[in-house]
**Q** 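Once you've had a glance at the structure underneath, I'll fire off some questions.
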Amino acid sequence: MSSPTHDALLGPADIRELAAALGVRPTKQRGQNFVIDANTVRRIVRTAEVRPDDVVVEVGPGLGSLTLGLLEAADRVIAVEIDDVLAAALPATVAARLPERAGRFALVHSDAMHVGELPGPAPTALVANLPYNVAVPVLLHMLDTFPTIERTLVMVQAEVADRLAAGPGSKVYGVPSVKANWYAEVRRAGAIGRTVFWPAPNVDSGLVSLVRRTEPVDTTATKAEVFAVVDAAFAQRRKTLRAALAGWAGSAAAAEAALVAAGVSPRARGESLTVEEFARIAEHKE
């Protein structure tokens, strides 16, 4: 059975009407694809396991489809929007459609990549339909900047979802997989079709769930040191680690020494290593 339509959530006609009133044309430059299906919004909120005591941060709220669904379920919602027109319009949309929750909504008009603090209580969850072109850097920035975010659910391009959730040995395992795993346990949490967006993208989308590690990666190396090894290993992913890490270590011999000390075969490739193994290599740089 389909759930009854709730007046507060936006449907296709509402989205187009709002966009027309604001003179908004979704731009490829900002990767704007607005969700026009209320059932998809409900599904995202449900899959994100948003709780009544959650403070949710949303990146790229657009016209407010997901914002309204989150506001119905969470204690507070903080939306981060870079677009001048959309940022100016969103508070009015919230006030008109969910007046009783408007006091629990805050807008930050900024580029999410440069947000260093948020108003009100610390966020406990991140739920977002991330623009395809900046999804990974925005996700990693938010996880790094706001350690109180325990649970994350992001909708991204299917290919990016696969990369984020990939494990060692997978063909698509790479820098995003390892770096996301530094912060969280990552898994695919569903697929989203193209027809729930306006305009419909020419790629499929996927949901990715990230649950923050209760214990950080056990290492004496800093995050920056570990990430430097990861970047070097995958910059030349077809090469053995002895060769790929030569620049990072200063020479192939120094790379081999660090690898052997870390218990990693110098003939291995980056795609076979866990984040813990990358951390061990970072610890043994001379």
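Values below: all heavy atoms of this structure, side chains included; hydrogens, waters and symmetry mates excluded. Source: prediction; values computed, not measured.
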**Q** If every non-hydrogen atom of L210 is compared with every non-hydrogen atom of A180, which pair is closest and at what distance?
**A** CD2-CB, 4.1 Å

**Q** Would you call D231 and K179 a salt bridge, using N to O less than 4.0 angstrom?
**A**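 Between K179 and D231 there is a salt bridge, with a charged N closer than 4.0 Å to a carboxylate O.
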
**Q** Is there a path of hydrophobic side-chain contacts, each under 4.5 Å between heavy atoms, that joins V260 and V229?
**A**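 No.
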
**Q** Got a salt bridge between E159 and R163, using NZ or NE/NH1/NH2 to carboxylate O under 4.0 Å?
**A**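 Yes.
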
**Q** If we ignore hydrogens and angles and just use 3.5 Å, is the side chain of D14 paired with the main-chain N or O of G11 as donor and acceptor?
**A** yes

**Q** Applying side-chain contact (heavy atoms from CB on, under 4.5 Å) to V127 and I44, what does each step give before you reach the verdict?
**A** CA-CA 8 Å; V127 185; I44 292 168; 3.8 Å; yes

**Q** What is the minimum heavy-atom distance between V115 and S110, and which atoms define it?
**A**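 Scanning both residues, the minimum pair turns out to be CG2-OG, 3.6 Å.
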
**Q** Roughly how far, to the nearest 0.5 Å, is CG of L259 from OG1 of T240?
**A**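 These two atoms lie 8.5 Å from each other.
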
**Q** Give a yes or no on whether the backbone of T148 and the side-chain of R212 come within a donor-acceptor separation of less than 3.5 Å.
**A** no

**Q** So, taking the atom named CZ in R43 and the one named CE in M155, what distance separates them when rounded to the nearest 0.5 Å?
**A**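 R43 atom CZ to M155 atom CE measures 9.0 Å (nearest 0.5 Å).
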
**Q** F34 vs W198 aromatic rings, parallel, tilted or perpendicular, using cut-offs 30° and 60°?
**A** tilted

**Q** Does V136 belong to the same Ile/Leu/Val/Met/Phe/Trp/Tyr cluster as V211, with side-chain heavy atoms less than 4.5 Å apart forming each link?
**A** no

**Q** Would you find a donor on one side and an acceptor on the other, under 3.5 Å apart, between the side chain of R280 and the backbone of A262?
**A**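 Yes; judged by distance alone, with no hydrogens or angles, the pair exists.
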
**Q** Is there a continuous path of hydrophobic side-chain contacts, each under 4.5 Å between heavy atoms, that joins I78 to F146?
**A**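 Yes, I78 and F146 fall within the same hydrophobic cluster.
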
**Q** Measure the spacing between CG of L241 and CD of Q236 and express it to the nearest 0.5 Å.
**A**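 The CD atom of Q236 is 11.0 Å from CG of L241, to the nearest 0.5 Å.
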
**Q** Take a 6.0 Å sphere around CZ of R194 and say whether it holds more than 12 heavy atoms from other residues, nucleotides or ligands.
**A** yes

**Q** Go through the steps for S205 and Y132 under the test side chain to side chain donor-acceptor pair (under 3.5 Å), then give the verdict.
**A** CA-CA 9 Å; S205 300; Y132 290 165; 2.3 Å; yes

**Q** Could you report the tightest heavy-atom contact between E283 and T220, atom names first, then the distance?
**A**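 The pair with the smallest heavy-atom distance is OE2-N, 3.1 Å.
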
**Q** Please indicate whether D53 has more than 12 foreign heavy atoms, meaning atoms of other residues, nucleotides or ligands, lying under 6.0 Å from its CG.
**A**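 Yes - once you tally the heavy atoms of other residues, nucleotides and ligands closer than 6.0 Å, there are more than 12.
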
**Q** Provide the closest heavy-atom pair for A112 versus V138 in the form atom of the first, atom of the second, distance.
**A**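 That would be CB-CG1, 4.1 Å.
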
**Q** Atom CD of residue position E117 - does it have more than 12 heavy atoms of other residues, nucleotides or ligands inside 6.0 Å?
**A**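 No, not enclosed.
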
**Q** Quick one: closest heavy-atom pair of V35 and I15, and the distance?
**A**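 Minimum heavy-atom contact is O-CD1, 3.7 Å.
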
**Q** Considering non-hydrogen atoms only, spot the tightest contact between M142 and V59 and give its length.
**A** CE-CG2, 4.1 Å

**Q** Can you tell me if E276 has over 12 outside heavy atoms packed within less than 6.0 Å of its CD?
**A**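 Atom CD in E276 is packed in, count exceeds 12.
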
**Q** Quick check for you: to the nearest 0.5 Å, what is the distance between H109 atom NE2 and E81 atom CD?
**A** 7.5 Å

**Q** Look only at the side chain of E277 and the backbone of T274, and say whether a donor-acceptor pair between them is shorter than 3.5 Å.
**A** yes

**Q** Any donor-acceptor pair under 3.5 Å linking the side chain of Y173 with the backbone of L273?
**A**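 Checked: pair present.
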
**Q** At what distance, to the nearest 0.5 angstrom, does CZ of R151 lie from OG1 of T124?
**A**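 Answer rounded to 0.5 Å: 5.5 Å.
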
**Q** V230 and V172: same hydrophobic cluster, using ILVMFWY side-chain contacts below 4.5 Å?
**A**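 They do not share one cluster, since no chain of ILVMFWY contacts under 4.5 Å joins V230 to V172.
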
**Q** Can you tell me how far the CG atom of D75 sits from the CG atom of L70, to the nearest 0.5 Å?
**A**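 D75 CG to L70 CG: 12.5 Å, rounded to 0.5 Å.
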
**Q** Of all residues at least two apart in sequence or in a different chain, which pass the ring pair (Phe, Tyr, Trp, His ring centres under 6.0 Å) check with F227?
**A** W182

